[in-house]
Engineer: 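Pasting a structure below so you can have a look.
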Number of protein chains: 2
Amino acid sequence: MKGTAELLKEHQLKVTPQRLKIVMMLKKHGHINIEDLYGEMLKEFPSVSLATIYKNINQMIDNGLIQEVKLPRSKSVYELIKDPHLHMVCDKCHKVEDVVVGTEKIIEEAEKLSGYIITESFITLRGICAECQATQ
Amino acid sequence: MKGTAELLKEHQLKVTPQRLKIVMMLKKHGHINIEDLYGEMLKEFPSVSLATIYKNINQMIDNGLIQEVKLPRSKSVYELIKDPHLHMVCDKCHKVEDVVVGTEKIIEEAEKLSGYIITESFITLRGICAECQATQ
DNA sequence: CCTTTTATGGAAAATATTTTTCCTTTAATA
DNA sequence: TATTAAAGGAAAAATATTTTCCATAAAAGG
């Protein structure tokens, strides 16, 4: 996995302790919402401000390092930008997972039917994850 | 198209002038955000409150009449619940359109890969609509 | 290294969004 | 109609996000 400081530099973001922590949290959790991110940050930076969280998240989005994932029935989470994938949300344990699925066919069909030129797709699936099915 | 008052009654919602207007707006526009809906409502009900808009939207969601559509880079819109479909958002004119595309294959593949039992899918595609391609 | 430049972090205030409360009015129904 | 339960609106409260301002820290050049 790429160095955290390098990631920031590649995206024209100054390397600061707060930003390093944010990116490390994203790497660790994969998906995290503002509230949880703030909670984690407070552990290491007891005086960190929510404004810092918001400002950094927005800059990281603007600079193409991360993206917001809007989820049905819950708060947005943020993730490092990587290869295209879709999101699975478990209705029981509320975890969010990535799945890499070919989306070419559905996009092709949608382009044909709508006349749009499609540049990006956002796919989220709700359901019950394997673990929660077992713990039923 | 089904009568507006009937739609409300079928979903256990009292028929009020404000609710009729909300549903008529949804029928007319297909997709509308809170701000625009409030603006439209004000034309007919100059003293309508944003609280009324929010309370009604939430009740309509709870009663299965409408659903929220969370969109990338913009505010959520609301729509009457109908057959499954995906959403196309134009990056130029920002309109939102429905497209009915078979999603079985992608869902089946995601279930296989993830082990989830999927109950619902949310698909939004960004791009440029046919009209905006022409007006280029 | 040390200095200069520029951006960042944090506190507080401002703004925006959504929900709740409380009371009057209205819709449903008998 | 009279009764009951729910809805609408005003205002306040709660929540979420952004902005401002200034001291501080990171980057870059000497």
Side-chain angles (χ1 to χ4, degrees), chain A residues 3-25 32-78, chain B residues 3-25 32-78:
Chain A
T4 303
E6 282 72 24
L7 258 186
L8 288 171
K9 284 180 196 150
E10 282 173 13
H11 290 87
Q12 287 73 51
L13 294 161
K14 271 193 184 177
V15 177
T16 69
Q18 293 86 344
R19 283 180 179 165
L20 284 168
K21 179 75 179 180
I22 290 175
V23 174
M24 288 191 301
M25 285 293 113
I32 195 164
N33 66 34
I34 294 286
E35 192 182 358
D36 293 346
L37 179 56
Y38 181 50
E40 291 289 319
M41 293 290 289
L42 277 176
K43 293 181 190 170
E44 191 163 331
F45 306 94
S47 71
V48 75
S49 161
L50 254 179
T52 297
I53 308 286
Y54 279 109
K55 282 187 285 197
N56 279 317
I57 286 292
N58 287 330
Q59 283 177 112
M60 289 177 184
I61 290 172
D62 293 343
N63 292 13
L65 174 56
I66 70 173
Q67 68 179 355
E68 179 179 7
V69 180
K70 292 189 177 187
L71 299 172
R73 298 169 162 66
S74 56
K75 294 183 189 170
S76 288
V77 293
Y78 300 85
Chain B
T4 304
E6 282 73 22
L7 259 187
L8 287 170
K9 284 179 196 151
E10 282 173 11
H11 290 87
Q12 289 74 52
L13 294 161
K14 271 193 186 179
V15 177
T16 69
Q18 293 86 343
R19 283 179 179 168
L20 284 168
K21 178 76 178 179
I22 290 175
V23 174
M24 287 190 301
M25 285 293 112
I32 196 164
N33 66 35
I34 294 286
E35 192 181 358
D36 293 346
L37 180 56
Y38 182 50
E40 292 288 318
M41 294 289 290
L42 277 175
K43 293 181 188 170
E44 191 164 330
F45 306 95
S47 71
V48 75
S49 162
L50 254 179
T52 298
I53 309 285
Y54 278 109
K55 280 187 285 197
N56 278 319
I57 287 292
N58 286 330
Q59 283 176 112
M60 289 176 185
I61 290 172
D62 293 344
N63 291 14
L65 173 56
I66 70 174
Q67 69 180 354
E68 180 179 6
V69 180
K70 292 191 177 184
L71 299 172
R73 298 169 163 64
S74 56
K75 293 182 190 173
S76 289
V77 294
Y78 300 84

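Each chain gets a letter, A, B and so on, in the order its sequence line appears, and its residues count up from 1. Just so it is clear, the structure is predicted and the values come from calculations on it, not from any experiment.
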Engineer: Each nucleotide N or O in nucleotides 22-24 of chain D that has a protein N or O under 3.5 Å away: list the pair and distance.
Structural biologist:
none

Engineer: Give DNA chain D the dot-bracket treatment, 5' to 3': Watson-Crick (N1-N3 with N6-O4 or O6-N4) or G-U (N1-O2, O6-N3) under 3.5 Å, [ ] crossing, | other strand.
Structural biologist: ||||||||||||||||||||||||||||||

Engineer: Only counting residues at least two apart or in another chain, list the ones meeting side chain to side chain donor-acceptor pair (under 3.5 Å) with B:Glu68.
Structural biologist: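 B:Glu68: side chain to side chain donor-acceptor pair (under 3.5 Å) contacts with B:Ser76.
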
Engineer: Write down the distance between CD1 (B:Ile53) and P (D:dA10), rounded to a whole number of angstrom.
Structural biologist: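 After rounding, the gap between these two atoms is 12 Å.
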
Engineer: With a 4.0 Å cutoff (strictly under), does any side-chain N or O of A:Asn58 reach OP1 or OP2 of D:dT17?
Structural biologist: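 A:Asn58 to D:dT17 OP1/OP2: no side-chain N or O under 4.0 Å.
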
Engineer: Please work out which residues in residues 63-71 of chain B have a non-hydrogen atom less than 4.0 Å from an atom of DNA chain C and list them by number.
Structural biologist: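 Residues of residues 63-71 of chain B that come under 4.0 Å of DNA chain C do not exist, since none gets that close.
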
Engineer: Between D:dA16 atom C1' and A:Tyr78 atom OH, what is the distance in whole Å?
Structural biologist: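 Spelled out: OH on A:Tyr78 to C1' on D:dA16 is 11 Å.
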
Engineer: Return the minimal non-hydrogen interatomic distance between B:Arg73 and A:Lys70, and the atom names on each side.
Structural biologist: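 Shortest heavy-atom contact: N-NZ, 4.4 Å.
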
Engineer: In whole angstrom, what separates A:Leu20's CG from D:dA25's C1'?
Structural biologist: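 So the CG-C1' distance, A:Leu20 to D:dA25, works out to 13 Å.
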
Engineer: Supply the atom-to-atom distance B:Lys21 NZ to B:Phe45 CZ, rounded to the nearest 0.5 angstrom.
Structural biologist: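 If I round to the nearest 0.5 Å, the distance is 7.0 Å.
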
Engineer: So which heavy atom on B:Pro46 is nearest to which on B:Glu44, and how close?
Structural biologist: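 Scanning both residues completely, I find the closest heavy atoms to be CD-O, 3.5 Å.
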
Engineer: Quick one: B:Tyr38 OH to C:dT18 C1', roughly how many Å, whole number?
Structural biologist: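 These atoms are roughly 13 Å apart.
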
Engineer: Quick check on side-chain contact (heavy atoms from CB on, under 4.5 Å): which of A:Val48, A:Leu8, A:Leu65, A:Asn56 does A:Ile22 satisfy it with?
Structural biologist: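 It is A:Asn56; the other options fail the test.
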
Engineer: State which residues pass side chain to side chain contact (heavy atoms under 4.5 Å, CB included) with B:Asn58; sequence neighbours excluded, sorted by chain then number.
Structural biologist: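 In terms of side chain to side chain contact (heavy atoms under 4.5 Å, CB included), with neighbours along the sequence ignored, B:Asn58 is linked to B:Ile61.
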
Engineer: Write down the distance between CD (B:Glu6) and P (C:dA28), rounded to a whole number of angstrom.
Structural biologist: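 For the pair B:Glu6 CD and C:dA28 P, the rounded distance is 12 Å.
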
Engineer: Look at B:Glu40 together with B:Lys43 and state whether they make a salt bridge at an N to O cut-off of under 4.0 Å.
Structural biologist: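 A salt bridge links B:Glu40 with B:Lys43.
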
Engineer: Using atom OH of B:Tyr54 as one end and atom C1' of C:dA16 as the other, report the distance to the nearest whole Å.
Structural biologist: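 Rounding to the nearest Å, OH of B:Tyr54 and C1' of C:dA16 are 9 Å apart.
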
Engineer: Rounded to whole angstrom units, what separation is found between the CD1 atom of B:Ile34 and the C1' atom of C:dT19?
Structural biologist: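 B:Ile34 atom CD1 is separated from C:dT19 atom C1' by 12 Å.
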
Engineer: Could you measure the distance from the CZ atom of A:Arg19 to the CG atom of A:Leu7? Nearest 0.5 Å is fine.
Structural biologist: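 Between A:Arg19 CZ and A:Leu7 CG, I get 13.0 Å after rounding to 0.5 Å.
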
Engineer: So A:Leu37 and A:Tyr78, do their side chains get closer than 4.5 Å, heavy atoms only?
Structural biologist: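 No, side chains not in contact.
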
Engineer: Take the protein atom CD of A:Glu35 and the nucleotide atom P of D:dT15, then report the distance between them rounded to whole Å.
Structural biologist: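 Rounded to the whole Å, the gap is 10 Å.
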
Engineer: Using the rule given for side chain to side chain contact (heavy atoms under 4.5 Å, CB included), can you reason through A:Leu71 versus A:Asn33, listing the C-alpha separation, both sets of side-chain angles and the distance that settles it, and then say yes or no?
Structural biologist: CA-CA 11 Å; A:Leu71 299 172; A:Asn33 66 34; over 6 Å; no

Engineer: With side chains defined as the heavy atoms from C-beta onward, is the minimum distance between A:Leu50 and A:Ile34 less than 4.5 Å?
Structural biologist: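 Heavy-atom side-chain distance check passes, below 4.5 Å.
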
Engineer: Would you say B:Met60 and B:His11 make side-chain contact, with heavy atoms under 4.5 Å?
Structural biologist: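 B:Met60 vs B:His11: side chains apart.
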
Engineer: In Å, rounded to the nearest 0.5 Å, how long is the span from CE of A:Met41 to CD1 of A:Ile32?
Structural biologist: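 Reported value, rounded in 0.5 Å steps: 10.0 Å.
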
Engineer: Please list each protein N or O that sits under 3.5 Å from an N or O in nucleotides 4-11 of chain C, with the distance.
Structural biologist:
unit_1, atom_1, unit_2, atom_2, d
C:dT6, O2, A:Lys14, NZ, 3.3
C:dA7, O4', A:Lys14, NZ, 3.2
C:dT8, OP1, A:Arg19, NH1, 3.0
C:dT8, OP1, A:Arg19, NH2, 2.6
C:dT8, OP2, A:Gln59, OE1, 3.3
C:dG9, OP1, A:Thr16, OG1, 2.7
C:dG9, OP2, A:Asn56, OD1, 3.3
C:dG9, OP2, A:Asn56, ND2, 3.1
C:dG9, O3', A:Gln18, NE2, 2.8
C:dG10, OP1, A:Gln18, NE2, 3.4
C:dG10, OP2, A:Thr52, OG1, 3.2
C:dG10, O6, A:Lys55, NZ, 2.8
C:dA11, OP2, A:Ser47, O, 3.2

Engineer: Need one value for B:Lys75: base, sugar-phosphate or nothing, where a base atom within 4.0 Å counts as base even if backbone is also close, heavy atoms only.
Structural biologist: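 It contacts sugar-phosphate atoms only.
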
Engineer: Would you compute the distance between atom CD of B:Gln59 and atom CD of B:Gln12 and round it to the nearest 0.5 angstrom?
Structural biologist: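 The CD atom of B:Gln12 is 12.0 Å from CD of B:Gln59, to the nearest 0.5 Å.
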
